[in-house]
Amino acid sequence: MKVLVVGGGGREHAIVDAISRSPRCPQIFCAPGNAGIAEQATCVAIKDTDVQGLLDFALTEGIDLTVVGPEAALSVGIVDAFRAAGLRIFGHTKSATRIESSKEFAKILMEKYDIPTAGYKSFTSYAEALAYVSLRPFPAVLKYDGLAAGKGVVIAQNLEEAAAALKDMLIGEAFGKGKVVIEDYLEGPEFSFMAFVDGYNVYPMPLAQDHKRAFDGDKGPNTGGMGAYTGLPFINDEDVAFAYEKILKRTAYAMVSEGCPLSGVLYGGLMKTPQGIKVIEFNARFGDPETEVVLPLLDSDACDIFASVACGNDPQPLVWSDDITMGVVMASKGYPGSYSKGFEIDCSEAGERIFHMGTAIKDGKLVTNGGRVLMTVARAATVAEAKEKAYAAVHAIKCDNLFYRSDIAHWALDK
């Protein structure tokens with residue numbers, strides 16, 4: 001079996017790793033991949049948004065199954081193109097991907113189908129948005145309507161911060177021309193609930209919690225994620241049942257009713273508020289860095305799951321380990337702003353699983369090649385044990401230009 005994984009970050013490394021454990025012993029390709037992925041798959045120098053290039057490769061190579069990682073590839077219609085060519089592909093159509101690519105589409109959907117979320121209003125005019133936010137209490141949640149690589153959300157503490165963010169998004173077009181959604185501010189611990197979805201069928205994964213802010217204490221700018229862990233003590237069985245039935249399943253049914261059924265991963269970015277579980281955001285693909293701590297717990301055949309969902313068939317029962325996993329992201333200094341690349345990395349003494357997020361080989365040496373560079377992932381019986389092992393691996397990695405948060409899992413350990 002030949003499998004193509006589209007993407008080149010830590011999420012895709014975790015997907016490749018899960019597929020490599022399949023008893024089918026698939027031959028794995030990854031486009032474009034990275035230095036770590038190259039140890040488990042054949043990397044192909046094709047951009048993840050080059051739909052025609054990827055399609056030509058899949059047809060020429062005789063790819064049996066394609067698994068799409070990044071939202072950018074889904075949003076430009078890679079699934080539609082592959083299916084039109086008769087190829088089996090895991091991921092949502094361009095129409096279904098709107099649940100992530102348009103915050104406004106997602107909010108309208110949730111409002112229509114009674115899926116719990118924060119109140120909101122959308123704007124294209126800077127003046128109108130500023131006037132609206134100036135009459136409301138702070139903090140204010142400001143979201144760019146389209147894709148922004150996890151960085152299009154600002155929680156403004158005052159009018160000055162709100163004005164700067166709105167100017168950046170609507171006048172400066174930092175993420176492109178589009179709208180801004182202004183939401184009510186909610187409080188409570190956030191968590192990620194991912195599921196494989198095929199039409200009406202929803203197969204849940206273990207919960208995880210991501211850490212979006214760059215620095216300890218949840219300070220600094222939003223990033224693509226600085227670490228994650230599983231085994232959340234503040235989420236009980238009743239919470240899980242509510243989120244599964246009233247959010248994930250209801251959303252899957254809503255998308256079928258809207259004529260754009262899901263056929264990949266639905267990611268629910270949720271919050272446990274005093275008023276109950278509510279949706280902060282939906283993503284149309286595996287979360288990053290949550291995938292790196294969730295997929296290592298999968299004891300089922302990943303190839304069977306991906307192929308079954310891609311074909312509309314029921315997969316074999318999903319089996320997950322009861323272990324706890326924790327991952328710490330090591331990022332280039334300056335991220336999520338400007339940063340330099342090309343710093344040599346020595347991981348030889350890390351001792352734990354390392355997923356590569358932004359690495360390359362230069363002159364035979366492993367070097368930094370992105371904002372988020374590596375993620376050490378440890379597995380244990382408790383969160384505390386997993387944290388100890390994950391940070392021991394971080395401390396063993398040698399590189400002159402990396403930083404990391406030292407408080408991953410603080411919601412689980414400090415409460």
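Please read all numbers here as calculations on a predicted model, not as lab measurements.
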Residues that [X] engages under salt bridge (charged side-chain N to carboxylate O under 4.0 Å, His left out), provided they are two or more places apart:
X	result
Lys103	none
Asp184	Arg136
Arg98	none
Asp346	none

Qualifying salt bridge (charged side-chain N to carboxylate O under 4.0 Å, His left out) pairs with a residue from residues 308-331, counting only residues at least two apart or across chains =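 For residues 308-331, and leaving out neighbouring residues, the salt bridge (charged side-chain N to carboxylate O under 4.0 Å, His left out) pairs sorted by first residue read Asp323-Arg379.
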Among residues two or more places apart or on two chains, list those pairs meeting salt bridge (charged side-chain N to carboxylate O under 4.0 Å, His left out) that have a residue in residues 216-227.
->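 Residue pairs passing salt bridge (charged side-chain N to carboxylate O under 4.0 Å, His left out), neighbours aside: Asp218-Arg405.
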Do [X] and [Y] get their side chains close enough for a donor-acceptor pair, meaning under 3.5 Å?
X	Y	value
Thr97	Ser75	no
Gln40	Asp17	yes
Ser406	Tyr391	no

Do side-chain atoms of Asp210 reach the backbone of Ala228 as a donor and acceptor pair under 3.5 angstrom?
->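 The answer is no, because no donor-acceptor pair under 3.5 Å joins these two groups.
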For the ring pair Tyr253 and Tyr200, is the centre-to-centre distance below 6.0 Å?
->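 Between Tyr200 and Tyr253, which both carry aromatic rings, the centre distance is below 6.0 Å.
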Can the ring centroids of Phe196 and Tyr203 be said to lie less than 6.0 angstrom from one another?
->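 For Phe196 and Tyr203, the ring centres are not under 6.0 Å apart.
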Measure from NZ or CZ of Arg213 to the centre of the six-membered ring of Phe215, then state whether that distance is under 6.0 Å and the direction lies within 45° of the axis.
->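 The answer is no; the distance or angle limit is not met.
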Please assess Glu258 against Lys112 for the test salt bridge (Lys or Arg N to Asp or Glu O under 4.0 Å), listing each intermediate value before the final yes or no.
-> CA-CA 11 Å; Glu258 293 296 310; Lys112 181 176 179 180; 2.8 Å; yes
Look at the rings of Phe90 and Phe306 and say which category their plane angle falls in: under 30° parallel, 30 to 60° tilted, over 60° perpendicular.
->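 Perpendicular.
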Step-by-step salt bridge (Lys or Arg N to Asp or Glu O under 4.0 Å) determination, Arg353 to Glu292 = CA-CA 10 Å; Arg353 188 73 181 89; Glu292 291 92 315; over 6 Å; no
First locate atom CD of Glu344, then atom NZ of Lys365, and finally report the distance between them rounded to the nearest 0.5 Å.
->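 Spacing of CD (Glu344) from NZ (Lys365) equals 4.5 Å.
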From the options Val328, Ile408, Leu374, select the one residue that forms a side chain to side chain contact (heavy atoms under 4.5 Å, CB included) with Val394.
->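 It is Val328, the one option of Val328, Ile408, Leu374 that forms the side chain to side chain contact (heavy atoms under 4.5 Å, CB included) with Val394.
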Passing candidate, side chain to side chain contact (heavy atoms under 4.5 Å, CB included) with Lys2, options Thr66, Leu65, Ile63 =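 The residue from Thr66, Leu65, Ile63 that satisfies side chain to side chain contact (heavy atoms under 4.5 Å, CB included) with Lys2 turns out to be Ile63.
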Glu104 and its side chain to side chain donor-acceptor pair (under 3.5 Å) partner, picked from Lys121, Lys143, Lys179 |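 With Glu104 as partner, side chain to side chain donor-acceptor pair (under 3.5 Å) holds for just one option, Lys179.
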